[in-house]
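The structure under discussion appears below in the form of structure tokens.
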Amino acid sequence: MKKLYQKNDMNDRIDTLLYRFRSRMMSYPPGMCPLALVRSLFQISMNQSCGKCVPCRDGLIQVDRMLADILAGTGTDETLERMENTCRMIARTADCAVGVVSANLILDSLVEFADEYESHIRDKRCVGHASQTIPCVTLCPAHVDVPGYIACIRDERYTDAVTVIREKNPFPTSCAMICEHPCEKKCRRLLIDDAINIRALKKYAVEQAGEAGDTTLPSPVATGKKIAVIGGGPSGLTTAYFCARMGHAVTVYEEHEKLGGMLRFGIPEYRLPKKDLEEDLDFIVKAGDITVRTSTRVGRDIGFDEIREQFDAVYIALGAQIGNRLPVEGADAGNVIPAADFLQMVARGDTAGQIPSVEGKHVVLIGGGNVAMDAARTLARLHAATIHVFTRKRDDITALESEMVAAMQEGVRFRTLLSFLNIETDKDSGEVTAVWLQPEIIAEYDKNGMMTTEHSEKYPYRFPCDLLILGVGQRADVEDFEKASVPVERGRILADEMCRVQGMDGVFAGGDCVSGPSTAIRAIAAGQVAAHNIDEYLGYHHKLKRTTEIPPATPGPCVPTGRLEIEERDPFERREDFSFVEVEMTKAEAMREAGRCLRCDFYGCGAMEGGRGE
């Protein structure tokens, strides 16, 4: 008799196996040969073939053999050409998606990794040195010794943990609150269960370490060299910190009345309490010979050429603090505010008529980045009646998923598949009264794998609002520097990967004013690179040695264990104020999470390249 459902059905068991294997793909280690990865994915596709059609049954096997020859160093240009032609034939003639997708995987790799194919055929090796690296250290833009400070936390040496962080990142407290933690993306713990909550452990360490003054730094030998840093945000202060530790005298020029840049003026209090930011700033300023000149705008209070004459090297770290406006009529209306500008107004407590009251008003927000989420959650705390976030597609919401979820919990409403058309303003007041939106439908993916949309058959519709916030990006204020002959293209200072400004000897630049709006940890990484390259430019090669001993490694348990998540205050409670939203971890939670670390600096990936503290 035929059964409708069979307990422990084989397909269900296979699904369970595939679900467990999914994290294996996510944790594929950085530094490996991309062609080896392509072949492993290709072989998975081969295993899905039913074998009915010749192109898929025989063609895929032939392609796999040719790819194996190229990886082994025995392939030739003829092999490559034959493999490409075979894949094009399979993609054109295969009966089903298995053959088409498999062939396209190879064809796409021929474009994406053309240099790798060429190197394997010509030089019999990868373009670079292919080897497994420590994922968390590699993916941290500042290359902080993550396993080292987690080991210190596990030993309850919290001040030592903070010291280890400061060897690469002088903002441990700030990053513990707001870092996007790219270090977790390929954590090898994913092989077992889930990535370690690295940011949570960093936060616990700085909370337990107490005041930043508990950590002391060795006094550097003065070099007599003078460096100017223009911009007191995370990138500029990181450069100042490392240059001062190398013995150089640093003067920081900051336009605003206080240091911190977007950490102070762009990130709301509920995410980064300013008293915690001050701990990092105080420690940095005391790291060496650092002079701070606030309320000083270069180009207005002092000329850029004058600075170049007075200093041996200059680092430009302006950040990107000016919010963009849309090139449509009505975008300059009084109740249209860029999200970055709005956050800065709130951070300064600017209520003197420059920012309209939002209490009881209906607000529309265009954009889905982290700045847009900060603006939306700030609006909730200022008691806006409704907050609607509109994006063209789900991919446009680039903010951390946790930020989007938190915004939803606090009452922010999200709508996708709506493209912004134009702004409707009142004829008398000139203020925005509504936005017009065009419904979209899903279309093909682009070459980067991003979803595209096209207009649906539905007519545009009018959405009334009292305030419009534009979360459509930020730009740097480079006008004065462009006048001083600093090379600028499309609002960004032109600098190479060494942070050297093109055609200007002794001038360096980095952070958002070079890369465009990015994260704090990437700005910090740019500042670190700039500091070491400025040191080299000045004729030195300082190496900042480690003073903290890392606890010996012991093999981590491979027993599946749940990941610890940071708890937050109740959404209905936290949206009523700007108090910090996260709840402190307990010691037991921290020890459990630190104990999950597999110590990849010794096991699985090997010792850290170049040693520690260099």
Could you pull out the closest heavy-atom pair between [X] and [Y], with the gap in Å?
X: Tyr270; Y: Ser579; value: CB-O, 3.4 Å
X: Lys203; Y: Phe580; value: CE-CE2, 3.5 Å
X: Pro34; Y: Glu116; value: CG-CG, 3.5 Å
X: Ser109; Y: Tyr117; value: OG-OH, 2.8 Å
X: Gly31; Y: Thr133; value: N-OG1, 4.4 Å
X: Pro135; Y: Arg188; value: CG-CG, 3.9 Å

What's the spacing between [X] [atom1] and [Y] [atom2] if we round to 0.5 Å?
X: Phe265; Y: Leu343; atom1: CZ; atom2: CG; answer: 12.5 Å
X: Asn197; Y: Arg563; atom1: CG; atom2: CZ; answer: 4.0 Å
X: Met404; Y: Ser402; atom1: CE; atom2: OG; answer: 9.5 Å
X: Cys33; Y: Phe113; atom1: SG; atom2: CZ; answer: 9.0 Å
X: Asp289; Y: Thr251; atom1: CG; atom2: OG1; answer: 7.5 Å
X: Glu403; Y: Ile178; atom1: CD; atom2: CD1; answer: 10.0 Å

Counting heavy atoms not belonging to [X], are there more than 12 under 6.0 Å from its [atom1]?
X: Glu536; atom1: CD; value: yes
X: Lys286; atom1: NZ; value: no
X: Arg122; atom1: CZ; value: yes
X: Glu156; atom1: CD; value: yes

For the residue pair [X] and [Y], establish whether any side-chain heavy-atom pair is separated by less than 4.5 Å.
X: Val581; Y: Arg377; value: yes
X: Pro220; Y: Arg245; value: no
X: Asp312; Y: Lys225; value: yes
X: Thr554; Y: Arg599; value: no
X: His120; Y: Leu35; value: yes
X: Tyr241; Y: Arg166; value: yes
X: His181; Y: Ile198; value: no

Lys/Arg-Asp/Glu bridge criterion (N-O < 4.0 Å) met for [X], [Y]:
X: Asp193; Y: Arg596; answer: yes
X: Asp145; Y: Arg546; answer: yes
X: Arg264; Y: Glu278; answer: yes
X: Glu184; Y: Arg199; answer: no

Side chain of [X], backbone of [Y]: donor and acceptor closer than 3.5 Å?
X: Lys258; Y: His256; result: no
X: Asn47; Y: Gln43; result: yes
X: Lys186; Y: Cys183; result: no
X: Asp374; Y: Ile267; result: no
X: Asp280; Y: Ser174; result: yes
X: Asp194; Y: Leu190; result: no
X: Glu180; Y: Pro182; result: no
X: Asp155; Y: Arg157; result: no
X: Ser40; Y: Leu37; result: yes
X: Asp395; Y: Met450; result: no

Arg569: partners by side-chain hydrogen bond (donor to acceptor under 3.5 Å, both in side chains), with sequence neighbours left out
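Counting only residues at least two positions away or on another chain, Arg569 forms a side-chain hydrogen bond (donor to acceptor under 3.5 Å, both in side chains) with Glu573, Asp577.
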Classify the ring geometry between Tyr204 and Tyr158 as parallel (under 30°), tilted (30 to 60°) or perpendicular (over 60°).
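The arrangement is perpendicular - the two ring planes meet at more than 60°.
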Stepwise salt bridge (charged side-chain N to carboxylate O under 4.0 Å, His left out) check, Arg271 with Glu269
CA-CA 5 Å; Arg271 285 187 62 210; Glu269 183 79 12; over 6 Å; no
Start with the C-alpha gap between Leu71 and Arg39, add the side-chain angles, then the distance that decides, and say whether side-chain contact (heavy atoms from CB on, under 4.5 Å) holds.
CA-CA 9 Å; Leu71 279 166; Arg39 189 186 179 204; 3.8 Å; yes
Under a 3.5 Å threshold, yes or no: a donor from one side chain and an acceptor from the other, between [X] and [Y]?
X: Thr294; Y: Tyr253; result: no
X: Gln528; Y: Asn169; result: no
X: Thr548; Y: Tyr149; result: no
X: Glu167; Y: His143; result: no

Step-by-step ring-ring contact (aromatic ring centres under 6.0 Å, His included) determination, His248 to Tyr540
CA-CA 11 Å; His248 309 308; Tyr540 298 90; 5.4 Å; yes
Where do Ile493 and Ile316 land on the side-chain contact (heavy atoms from CB on, under 4.5 Å) test, with the steps shown first?
CA-CA 9 Å; Ile493 295 174; Ile316 306 172; 3.6 Å; yes
Reference residue Pro172; test side-chain contact (heavy atoms from CB on, under 4.5 Å); the match among Val144, Thr163, Val206
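Only one of Val144, Thr163, Val206 forms a side-chain contact (heavy atoms from CB on, under 4.5 Å) with Pro172, namely Val206.
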When Leu281 is tested against each of Thr173, Leu259, Leu263 for side-chain contact (heavy atoms from CB on, under 4.5 Å), which residue passes?
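Result for side-chain contact (heavy atoms from CB on, under 4.5 Å) with Leu281: Leu259.
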Using the side-chain contact (heavy atoms from CB on, under 4.5 Å) rule, take Cys175 and Ile524 through it: C-alpha gap first, then chi angles, then the decisive distance, then the call.
CA-CA 10 Å; Cys175 284; Ile524 290 166; 3.7 Å; yes
Salt bridge (charged side-chain N to carboxylate O under 4.0 Å, His left out) between Arg574 and Glu410, intermediate numbers included:
CA-CA 8 Å; Arg574 69 185 188 233; Glu410 293 167 5; 2.5 Å; yes
Please evaluate residues Lys275 and Glu279 with respect to the criterion salt bridge (charged side-chain N to carboxylate O under 4.0 Å, His left out), reporting the C-alpha separation (whole Å), side-chain torsions for both, the decisive distance (0.1 Å), and the verdict.
CA-CA 7 Å; Lys275 64 178 181 62; Glu279 288 185 12; 5.9 Å; no
Would you sort out whether Ile534 and Thr239 count as a side-chain contact (heavy atoms from CB on, under 4.5 Å), showing the intermediate values?
CA-CA 9 Å; Ile534 289 172; Thr239 297; 4.1 Å; yes
